[in-house]
Amino acid sequence: KPQAIIFDLDGVITDTAHLHFLAWRQVAAEIGVAIDEAFNDSLKGISRSESLQRILRHGGKAGAFSAEACVQLAERKNRLYVHSLRQLTVNSVLPGIRELLMTLREERIPVGLASVSLNAPAILQALDLSSYFDFCADAALISRSKPDPEIFLAACSGLGVDPQQCIGIEDAQAGIDAINACGMLSVGIGTGLNGAGLQLPATEFLTWPCLSAFWQHDK
Ligand code: B16
Ligand code: MG
């Protein structure tokens, strides 16, 4: 058995990417930058401040705003995003995830969260999933976004497990790269991901028998 399973949040547990997109699109439009969903894909797993820098670069406005103005833009995006999180309910959990978390509890496999979102604890609470997580890495203590492995290493260290004996689950390329960089086995959800040890088209295929077979085959 793996020593632990570490989950990404956005895109694996619930689909908050669209809410991040709507909030960023509004803030970007206010400063004359247009972004679309395809560009939004490149922001998955990227911290709030780094996301803003990418948006400014995308709009040809790198360096156009002072550090103070950037902080205010990021805060404005977060207020819009946090407001939109009110629409999350227990029904916003992606298919199969609650069942998998219940099975991992029964199997006594420790579960961790590796999200760079400062809003992650509030989101787990809104989804009524907090009790299934043994440890959530604190995004406030992380200095580098995915694809740096820092957040996954923090989750393993909080659980007291060896990354090489764990499975990480991600829907973004930056996240798969982060998992692989710390020697964990990686599971990718969705299409177009490179380097995932196991690739599944959607969360409904993510079951304990499937993860267990992957572990036994690759370890
Ligand atoms: P916040 P993950 C990431 O979550 C999101 O994918 C990314 O789009 C977002 O900018 C980042 O969290 C920070 O979120 O502004 O709420 O602190 O994929 O690591 O679960
Ligand atoms: Mg994600």
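Every number for a ligand or one of its atoms is a count from 1 in the order of the listing.
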(message) In terms of relative ring orientation, are F7 and F133 parallel, tilted or perpendicular, with 30° and 60° separating the classes?
(response) perpendicular

(request) Indicate if the distance from the Mg ion (ligand 2) to the nearest N, O or S atom of E170 falls below 2.8 Å. (result) no

(message) As a test of reading the structure, name the N/O/S atom of D171 that is nearest the Mg ion (ligand 2).
(response) OD1

(message) Are L9 and V116 packed together at the side-chain level, in the sense that at least one heavy-atom pair is separated by less than 4.5 angstrom?
(response) no

(request) Considering only NZ, NE, NH1 and NH2 on the basic side and carboxylate oxygens on the acidic side, decide whether R25 and D36 come within less than 4.0 Å. (result) no

(message) Quick check: do I6 and C156 have side-chain heavy atoms less than 4.5 Å from each other?
(response) yes

(message) Strictly below 4.0 Å, N to O, side chains only: are D134 and R108 in salt-bridge contact?
(response) no

(request) Run the salt-bridge test on E50 and R57 with the 4.0 Å N-O cut-off and return the result as yes or no. (result) yes

(request) Report yes if some heavy atom in the side chain of Q53 is under 4.5 Å from a heavy atom in the side chain of C70; otherwise report no. (result) yes

(request) Determine which of the N, O or S atoms in D10 is closest to the Mg ion (ligand 2) and give its atom name. (result) O

(request) Find, among atoms of D8 that are N, O or S, the one nearest to the Mg ion (ligand 2), and state its name. (result) OD2

(request) Non-hydrogen atoms closer than 4.0 Å to ligand 1: which protein residues do they belong to? List them by chain and number, please. (result) D8, L9, D10, H20, L43, K44, G45, I46, S47, R48, S51, K77, Y81, S115, V116, S117, L118, N119, K146

